[in-house]
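Worksheet: the structure to be examined is printed underneath.
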Amino acid sequence: MKDKIEALRAKFTKDLSSVKDLSALEELRLSFMSKKGAIQDLMKELGAIPNEQKKEAGQLINSFKQEVNERFENKKKELDELALKFLMDQTESYDESMPTKDPCGSYHPITLIQRELEDIFESMGFDVEDYNEIVDDYHCFEALNIPKFHPARDMQDTYYLSTPNQLLKSHTSAAQNHIMKKYGDALKNEGRPIRAVFPGRCFRNEAIDACHENTFFQMEGVMIDKDISISNLIYFMKTMLSEVFERDVTVRLRPGFFPFVEPGFELDIKCLICGGDGCPSCKNSGWLELCPCGMIHPNVLLHGGINTKEDPFKYTGFAFGLGLTRLAMMKYGVGDIRVFNDGDLSALSQFVSR
Ligand code: DAH
């Protein structure tokens, strides 16, 4: 047995040294380790060996097997390193003006739904705005009529930076004040209504499960002008949602409390699955809760410099906060919110063709 193993070891060493790629390595591995491989043949021969020599022979085979395994792994590592080095050498001559041979990569479902909504709102005259992820307490809360120690803050516990007064925004409403200041002059001097949507990543201190994430996306929208009323709000929301779901959706408003709107609403759409008869996805109510919204609170317009204390109702406006992540779950039928953040390409790349 000893001689046989020695002969096999010599053969293995010779073959391994000539291996240049992973497929040759795998071939060699199979010729030694598979059910029909050389090591299995040795095992079969054990049966014919006298009992008193069996133990020693078995140990010899086992340690040879271990050795072969280790040397395979080392060779594999060596080849991986070579492959990486080759790739890096190639990258140096990378020419970004070269067209790609094959289309590759795909858009994240949140990006897809965000762009779709941006197109719809742009076609209705809205500007699309970007805003910071790190904001201060004033923009996230105080300018939105949520003073310090207001209980509404409890629902939006977020992440505070060690720099004083800096936090990760817990909702896209945090950009409202900035938008009002950016477009306020054009409204007051030229009569140009403020119509803007601002998508963004939001953060909350949440326990993560299939429906909750600490990082998610919203799209906020505001429209401010003279005589803006709830009818305008309903019209824009209904038009936009009918486009998103590619059918005529029925909406309803229920009262909802948010300190930065008065009156505030929860906007529901008639369940797209059962058409309002009741089914598990709408918890048998016939309606799906989709988007909180309302008429912008006078204090918020005041903070934004739109109205003055002397004339607090000169301009009015509506605001809404669409949950982009939730909308993507509904539109693409994704049952677990964690799919969006865990970077699993086999799940995320499925949205490319939709
Ligand atoms: N910012 C709120 C949240 O994330 C959602 C919201 C409610 C936004 C009402 C609005 C609104 O613009 O009018 O919980």
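First listed ligand is number 1; within each ligand, the first listed atom is number 1. This structure is a prediction, so every number in the text was calculated from the model and none was measured.
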**OP:** Using a strict cut-off of under 4.0 Å between a residue heavy atom and any atom of ligand 1, list the qualifying protein residues by chain and number.
**Re:** Q156, H171, S173, Q176, R204, Q218, E220, F258, F260, V261, P292, C293, G294, A319, F320, G321
**OP:** Could you check if a side-chain atom of I296 sits within less than 4.5 angstrom of a side-chain atom of T316, using non-hydrogen atoms only?
**Re:** no
Subject >> Close aromatic pair by centroid cut-off 6.0 Å: H171 and F260 >> reply: yes
**OP:** Would you check if I49 and L46 make a side-chain contact, meaning some heavy-atom pair closer than 4.5 Å?
**Re:** yes
Original post:
Does the side chain of E220 come within less than 4.5 Å of V197's, by heavy atoms?
Top reply: no
Original post:
Do M330 and F245 come close enough that some side-chain heavy atom pair is under 4.5 Å?
Top reply: yes
Original post:
Looking at side-chain heavy atoms only, is the closest gap between F318 and I228 below 4.5 Å?
Top reply: yes
